[in-house]
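A quick note: this is a predicted structure, and the numbers were derived from the prediction, not measured. Just so it is clear: chains get the letters A, B, ... in the order the sequence lines come, proteins before strands, and each one is counted from 1.
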Amino acid sequence: MLDIQFIRDNPDIVKAAIQNKKTEPVDVAELIALADSRKALGQELDALNRARNDAQKNRDIETGKRLKDEAAALEAKYAAVEKSYVALMLKLPNIPSPDTPVGMSDDANKVLREVGEKPHFGFSPKPHWELGEALGLIDQETAGEVSGARFTYIKGDLALMQFALLSLSMSILTNEETLADIARRAGLTVSTKPFVPVIPPYMMKSAVMNRMARLQPLDERYFFEKDDIVLVGSAEHTLGPMHMDESIPEAELPIRYVGYSPAFRREAGTYGKDTRGLIRLHHFDKIEMETFVRPQDGYTEQDFIVAIQEHFLQLLGLPYQVVLKCTGDQGTPDHRALDMETWMPGQNAYRETHTSDYMGGYQSRRLNTRVKHASGESEVLHMNDATLVAMGRMLAAILENYQQADGTVRVPRALRPFLGKDVIGA
RNA sequence: GGAGGUGUGGCUGAGUGGUCUAAAGCACCUGACUUGAAAUCAGGCGUCCGGGUAACUGGACCGUGAGUUCGAAUCUCACCGCCUCCGCCA
């Protein structure tokens, strides 16, 4: 949700955002008119309530009865306006950052940099599903019989590799010195406060997911109507509301969480796309970063998070490119969104493996998560969320980049201490 | 799943229909006393939405939402959270 004052002051920016994002159109003039009448009715109601309170204090029962009816009528009017107003407010997308490229499809995305050297093979590199199936590390056929399409069994050394990735991730994000080092090398002046590891709930109330602006499209969610509960599509969904309806003292910021959870996605409308392998599954596990900062620190925080993501990819020796997503490719609540796409030699393509979303105050305004300044003033704080490891896709990238002529796969050096071997599938 | 409790400001906690403008204590802030601190004393101290340059001022908020009443923290109903016991269970 946007700030109504911002909308009043910058209607053209809001109109441009509606036009440039893939979002349902909203009549901004109508919204402002509703805001005006809501405000006027509110003032009228305040005055009426004052008179009513006076009558009550004086035990003026006649006047009290009359004003009660008047107030009821006015309240009904106010409620109707409020309802339309909120409905439009919730439809408005976040404003894209000034550096976000304008465009409707990913063709307009801007590649900021390509990092790392693509591996050269003396043979034709295979896609990870062929490698994985041949080595007995991936069993999609059995998963298809048991669970259906877009599910998989990850087995043996590949399952161990997932745990190794988890351990490596936590060792980085909970270590203040490592974080300070990452910040220094990225040239960022930023708090080096470590991340708090969290295993969050995997299901949540639909109303809270809606406050995260993540319930829609509902078609993409697994929703249990009987219990009014939704499976999370990311740890973000239950990490983000941890501080809803709270005012956090400025001195306690930033607050940083790293969550490990499954991500459940219906993948509606993607039939026929990426049907093999670990790229597009109804369930995968993910390590997610979620941070809460002062508004003035939002961009730097995102730069820091991207630096962490890049550090991690470099540590694994995976070539990747950093992409600034265009307006049409951004999510509704995003202010600035970057993707990291990792090179998959078996598919001869960069594939999206990481996302970094800076939300500004869009989610926190709905969640009512605020920062309280030393002066006593409070305002909506800013939120960032980002992938550290999307397990399926990271395992796929490692398999494809580290494959050898004999079909076995080397283990990235950084993972060896956690995995306990140099080669898998041997 | 069954039974019984309970939800009040940062915290503890009083308040069962009308100066509640929510007692009191703790914590916190300011000032006085003090070389400084502690102790003591005096005062202040919630959130949100409006009006006003400002001093100030109007409204809403006692888990949430409905209801009864001229009037609700207080009565009624539903929901949510937490606690205790029983049952079941990794």
Side-chain angles (χ1 to χ4, degrees), chain A residues 1-9 31-90 92 199-212 215 223-230 232 237-253 255 260-262 292 294-295 361-382:
Chain A
M1 194 162 74
L2 297 174
D3 178 8
I4 183 60
Q5 194 55 46
F6 178 88
I7 298 169
R8 286 181 192 282
D9 295 342
L31 173 63
I32 292 175
L34 278 168
D36 288 342
S37 91
R38 172 176 174 270
K39 189 169 169 178
L41 286 170
Q43 287 182 5
E44 219 179 306
L45 197 56
D46 280 354
L48 186 57
N49 280 337
R50 186 187 184 182
R52 194 180 165 199
N53 288 339
D54 284 344
Q56 282 160 202
K57 265 181 208 155
N58 300 330
R59 313 276 170 95
D60 181 348
I61 292 170
E62 279 310 302
T63 310
K65 275 184 177 169
R66 182 171 54 79
L67 293 181
K68 183 192 181 186
D69 294 339
E70 281 183 33
L74 197 55
E75 264 166 33
K77 240 165 110 182
Y78 180 86
V81 170
E82 168 85 1
K83 196 178 168 192
S84 320
Y85 167 74
V86 169
L88 289 190
M89 283 295 276
L90 292 183
L92 284 183
I199 297 168
Y202 306 157
M203 298 178 173
M204 67 191 299
K205 298 175 183 179
S206 66
V208 177
M209 191 179 261
N210 196 36
R211 286 180 77 178
M212 280 291 285
L215 185 60
F223 176 39
F224 301 92
E225 235 171 310
K226 191 174 165 192
D227 299 299
D228 187 24
I229 208 158
V230 189
V232 296
H237 300 167
T238 42
L239 293 174
M242 284 174 75
H243 296 288
M244 64 181 179
D245 295 317
E246 277 181 35
S247 277
I248 299 167
E250 184 170 4
E252 289 175 24
L253 298 179
I255 293 174
Y260 181 57
S261 89
F292 304 81
R294 301 182 306 174
Y362 188 89
Q363 285 177 323
S364 38
R365 190 167 289 110
R366 282 172 88 146
L367 291 165
N368 192 26
T369 303
R370 310 171 68 88
V371 49
K372 185 163 186 160
H373 297 292
S375 64
E377 309 246 303
S378 76
E379 63 179 323
V380 162
L381 56 65
H382 282 199

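Taking for each of A:Lys205 and A:Lys39 the nucleotide of RNA chain B with the nearest heavy atom, the 5'-most of the two is the partner of A:Lys39. Taking for each of A:Lys372 and A:Lys57 the nucleotide of RNA chain B with the nearest heavy atom, the 5'-most of the two is the partner of A:Lys57.
The partner of B:U76 is B:A66, judged by Watson-Crick or G-U wobble contacts that both fall below 3.5 Å. Using N1 to N3 plus N6-O4 or O6-N4 for Watson-Crick, or N1-O2 and O6-N3 for G-U wobble, each under 3.5 Å, B:G46 pairs with B:C61. B:C89: no Watson-Crick or G-U partner with both key distances under 3.5 Å is found in any strand. Using the Watson-Crick or G-U wobble rule with both distances under 3.5 Å, B:C82 pairs with B:G5. Nucleotide B:C41 is matched to B:G31 when pairs are restricted to Watson-Crick or G-U wobble geometry with both distances under 3.5 angstrom.
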Please set out all donor-acceptor pairs under 3.5 angstrom arising from side-chain atoms of residues 44-55 of chain A, sequence neighbours excluded.
from: A:Asn49; atom 1: ND2; to: A:Leu45; atom 2: O; distance (Å): 3.4
from: A:Asn53; atom 1: ND2; to: A:Asn49; atom 2: O; distance (Å): 3.3

Only pairs under 3.5 Å count here: list side-chain donor-acceptor contacts from residues 241-252 of chain A, not counting sequence neighbours, and write none if there are none.
from: A:His243; atom 1: ND1; to: A:Glu246; atom 2: OE1; distance (Å): 3.0
from: A:His243; atom 1: NE2; to: A:Tyr257; atom 2: OH; distance (Å): 2.8
from: A:Asp245; atom 1: OD1; to: A:Arg211; atom 2: NH2; distance (Å): 3.2
from: A:Asp245; atom 1: OD1; to: A:Asn368; atom 2: ND2; distance (Å): 3.3
from: A:Asp245; atom 1: OD2; to: A:Arg211; atom 2: NH1; distance (Å): 3.4
from: A:Glu250; atom 1: OE1; to: A:His373; atom 2: ND1; distance (Å): 2.9
from: A:Glu250; atom 1: OE2; to: A:Arg294; atom 2: NH1; distance (Å): 3.0

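Each side chain to side chain donor-acceptor pair (under 3.5 Å) pair with one or both residues in residues 74-84 of chain A, not counting sequence neighbours, appears once here: A:Arg38-A:Glu82.
Nucleotides B:A27 and B:C80 place their P atoms 39 Å apart, quoted to the nearest Å. Comparing the P positions of B:G9 and B:A14 gives an interatomic distance of 13 Å, to the nearest angstrom. One C1' atom belongs to B:G25, the other to B:U16, and the distance between them is 23 Å to the nearest Å. B:U47 sits 13 Å from B:C62 when the C1' atoms are compared, rounded to a whole Å. B:U74 and B:U8 have their P atoms separated by 14 Å, given to the nearest Å. Across the P atoms, B:A3 and B:G87 are found 15 Å apart, a figure rounded to whole Å.
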Give me, pair by pair, the N or O atoms of the protein and of nucleotides 52-60 of chain B that are less than 3.5 Å apart, along with how far apart they are.
from: B:G58; atom 1: N2; to: A:Asp46; atom 2: OD2; distance (Å): 3.1
from: B:G59; atom 1: O2'; to: A:Asp46; atom 2: OD1; distance (Å): 2.7

Identify all pairs in which a protein N or O lies below 3.5 Å from an N or O of nucleotides 68-77 of chain B, and state each distance.
from: B:G71; atom 1: OP1; to: A:Arg52; atom 2: NH2; distance (Å): 2.7

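For A:Gln5, the side chain to side chain contact (heavy atoms under 4.5 Å, CB included) test picks out A:Asp3, A:Arg8, A:Asp9, with sequence neighbours left out.
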